[in-house]
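Everything on this sheet refers to the single structure shown next.
Side chains are part of it too, since the values below use all heavy atoms of this structure and drop only hydrogens, waters and symmetry mates. To find a chain, count down the sequence lines: A is the first, B the second, and so on, and within it residues start at 1.
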2 protein chains.
Amino acid sequence: MRHLLVPKYVEQIARNGSLRSAAEELGITASALNRRILGLEEELGVEIFERHPSGLRPNIAGEILLKHFRDQIADMERVKSSIADISGQRAGHINIATTREVVQYFLPALIKESLIDFPAVTFGVDLLERGEAELSLVDNTNDIAIVFEPLRIKELQPVYSGEQQMFVVMSDKHPLAKKETVRIYECLDYALLLPKRPEGIRRMLDIAAEKTDTTLIPVLESNSLDLLRLMSQDSDALSFCLAINLRPNLKEDNLVAVPLLTPGIAPGALIAGHLRGRTLPVAAARFLETVNKELATKFAVIV
Amino acid sequence: MRHLLVPKYVEQIARNGSLRSAAEELGITASALNRRILGLEEELGVEIFERHPSGLRPNIAGEILLKHFRDQIADMERVKSSIADISGQRAGHINIATTREVVQYFLPALIKESLIDFPAVTFGVDLLERGEAELSLVDNTNDIAIVFEPLRIKELQPVYSGEQQMFVVMSDKHPLAKKETVRIYECLDYALLLPKRPEGIRRMLDIAAEKTDTTLIPVLESNSLDLLRLMSQDSDALSFCLAINLRPNLKEDNLVAVPLLTPGIAPGALIAGHLRGRTLPVAAARFLETVNKELATKFAVIV
DNA sequence: CCCACGTGTTGCAAAAAACGCAACACCTAA
DNA sequence: TTAGGTGTTGCGTTTTTTGCAACACGTGGG
C-alpha cells in the first residue's frame, strides 16, 4: 500500500531503533528515510524521535503517532482482507503467537486443513516464551495468541478458554504405567524430565509439588519437549505433558500417558484469543473461530 | 498530512460523486485524480468505484475502504490534537452539529468562553434538520452533536442526556401571562406561532395536542424561532420554546414564558454526544465535557 | 591517545513519480 | 443534433524522491 509507506517507515525505525538498519530492511538508503522523517516532523510541527548517538527513539509524541500508525497498518490489512473476502477470494495472512507446549500436534493439523480449503490464506507461527506471546499482540506483530496460563490477560481477549489436564508420560513397562491416575508424590521416586522454568507447564508442576511440601529435582531440564518425551522411552524417567500436546500414537514409541492428579490445585487454562479491542481481519477471525470450535470439542470450556 | 492524500481524494470523490468536481475542490486536475484512483485500484487488485456516465459511485469494496479512510482521517486529527495537547498548545478544530432549537443562546456563550481560554481551538457549527445532525457524525463531517429528540440513537453515544421543559412565550399583557403553568388546550383559543414540521419541538407539541384530541392550527409556521418569538410581542399570539432556548432577558421585549404542562407525555430529551465507538480528538472531547457540565448544572440529567 | 565503527545529516545530480494540458470516447437531456 | 456532463489516455514538463558520497558527532577498544 503506497500511501502507508510513511507509517511503515516510522514503524520500522521504532522497531529497529536506528535509521540505517531500518533503511536497510526497507530497501532504501538512510538519507531517503531520514528526509521522510524530517518531512513528517515538519508537517506535524513536532519532533517525533529523540536523536541519540546510538540511534532514534520515539518521544512521547512519537509514541502516540506510532500507536496510530500501527493501528492504521493493521486496519488496512483488515480492510484488504474484507475486500478479498467479499470478492470471494478469501485471502490474507495470519500471524499466530504461541508457546511450545501448545503447537506440537494441534496447530499443524488445523493449518494444513486451512491451506487446503483456502490456499490464498498464508500463515506465520511465532514460538515465544511465556508472556511474550501476549505482548506480541500489542504491536500487531501477531494477530492470534494460543497460550497456556497467560501472564498478561488485560491485553488478551479470550475466544476460547479451557482447562488442560496434565499427563505423566513414561515407558509402558514402568511400574506406574498400569495405574489409572498418578499423583505428584508418586513421581518423586523416579528420575524426572522437566521443561525449563519459564514454561507454563513447569510452573504448574512446581505449584503442585509445593502443595505436597516437596521440590521437583529434574535429571534433565530442557525446552525441547520432544527430547523429554523420547528420554522416557526405555527408561524409568518420567516426563510431563499437556492433554493438547499428547502424541496421538504413543504406543508406537512404547510409551503411555497417565493423568496426573493435582487435588486442590486448579488445572492450568489454555487460552486462544486476540488483542482486546481489536477487530481481526476476516481470515484471522475465521481461523480463530475454527481453533475455538476444535478446542471446544476436544476439551472442556470454562467461563 | 501528505500521506493521507489518497484517503482524502477517495473521500472527496465519494462525497461529490464525480471525479471532475472532486478534482476541482482538491485543486488538481481530473486526470491526476483519475490516475491516483486507478493506481489505488491496481494496488488493491479490485475496483472500488462503479463507473456511471453520471460519475463515480463506491461499490461494496469501495464502501468498506471509504469507511476505513474516513476513520483514518478522523484518527489522524485526533492524533494531531493529542500531540498538540501534550506540547501544551491545546490546538484543534471542533465541528458541532446541532439544530435551531438548541444553539441560540447556549452554544455561543460556551464557544466564546473556549475561544478566550484556548485561542488555538477553532470551531465549526452546522445547523441541520432533525435527524441530519446524527447522520453527519457517521462520515466524520462533525465531531459533536447537540440535538433535541434525536431520530437515530444507534449511532449517537450520549454524554449528556436530559429533559427539556417546554415554555409558552407570550406578551406580558396576555390573559395567560399571570398563570403559573399552562396546558395545551388553554392555548387553542389564541393564534399559534409554530416551528415548522421536522423540528423536534414541533413534534412534541403535535403529540401533546393529539393526546387531548385536538390539532394545532398555526397562523404562522416558520423555522426561524426568532421570528416566532418576536411575533408574540404586542399580540395575543403564542409561541413555544425549549428551556435551553429561552431568551435570558425576555422582560425587555415585554414577553413572559410560562411552563407548558403536558401530563402523560414524557418531556423531550436533549442529548449531547458523539459517534458511538469513536474516540474524539482531545479538544473536542474536552469541549463536549464542558457542554455536559454546563447542561448538567442548568438542567436535570436523566439516565 | 587515536582509530574504527556506529550513529544522523546534508549537497548535488540522476531517476522516478506526479502533474497539467489537450484530445478523445461515451452518455444524457434539451 | 447539439451542448454539457462524465471518465480516460498520450505526451511533455514539473516536482518530488532517491542514491551516492561526504561530513559531523559520539563511543568503545587497543
### Task
Ignoring the backbone of A/Ala32, work out which of D/dG19, C/dG20, D/dG7 is nearest its side chain.
D/dG19
## Note on the structure
Taking C/dT9, D/dG7, C/dC27 as options, the one with an atom nearest any side-chain atom of B/Leu56 is D/dG7
### Task
Could you tell me the separation between the CD atom of B/Glu43 and the C1' atom of C/dA18, rounded to a whole number of Å?
14 Å
#### Entry: Spacing of B/Leu19 atom CG relative to C/dA25 atom C1', expressed in whole Å
15 Å
### Message
Among residues at least two apart in sequence or on other chains, which ones pass side-chain contact (heavy atoms from CB on, under 4.5 Å) with B/Ala61?
### Response
A/Ile83, A/Ile86, B/Val46, B/Asn59
#### Entry: Short side-chain N/O contact from B/Arg51 to OP1 or OP2 of C/dC27, under 4.0 Å
no
### Query
Are OP1 or OP2 of D/dT6 and a side-chain N or O of B/Arg57 less than 4.0 angstrom apart?
no
### Message
Closer than 4.0 angstrom, basic N to acidic O: yes or no for B/Lys80 and B/Glu77?
### Response
yes
### Query
B/Ser81 side chain to B/Val282 main-chain N or O, any donor-acceptor pair under 3.5 Å?
yes
### Query
Rounded to the nearest Å, what distance is computed from the CG atom of residue A/Leu38 to the P atom of nucleotide D/dT18?
13 Å
## Note on the structure
The answer to which of A/Ser31 and B/Gly27 contacts DNA chain C further toward the 5' end, by nearest nucleotide, is A/Ser31
### Query
Quick one: which of D/dT8, C/dT9, D/dC20 gets closest to the side chain of A/Asn34?
C/dT9
### Query
Quick one: is B/Ser54 getting a side-chain N or O under 4.0 Å of the D/dT6 phosphate, OP1 or OP2?
no
### Query
Given atom CZ of A/Arg36 and atom C1' of C/dA16, what is their separation to the nearest angstrom?
12 Å
### Summary
Rounded to whole Å, CG of B/Leu5 lies from C1' of D/dT16 at a distance of 13 Å
#### Entry: Check: B/Thr98 side chain, B/Ile146 main-chain N or O, donor-acceptor pair, under 3.5 Å
yes
### Task
Look at the side chain of B/Arg35 against the base of D/dG7 and say whether a donor-acceptor pair falls under 3.5 Å; ignore hydrogens and angles.
no
### Query
Just how far, in rounded Å, is P of C/dG6 from CG of A/Asn16?
15 Å
### Task
Select base, sugar-phosphate, or nothing to describe what B/Ser18 touches, counting heavy atoms under 4.0 Å on all strands.
sugar-phosphate
### Message
Check this for me, if you would: do B/Asp206 and B/Arg203 make a salt bridge, where the nitrogen-to-carboxylate-oxygen distance has to be below 4.0 angstrom?
### Response
no
#### Entry: Comparing A/His52 and B/Ile28 on DNA chain C - which has the more 5′ nearest nucleotide
A/His52
### Rounded interatomic separation in angstrom, taking CD1 from B/Ile13 and P from D/dG7
8 Å
### Query
When the distance from CD of A/Glu41 to P of C/dT9 is rounded to whole Å, what number comes out?
8 Å
### Task
Return yes if the base of C/dG6 and the side-chain atoms of A/Arg20 contain a donor-acceptor N/O pair under 3.5 Å, otherwise no.
no
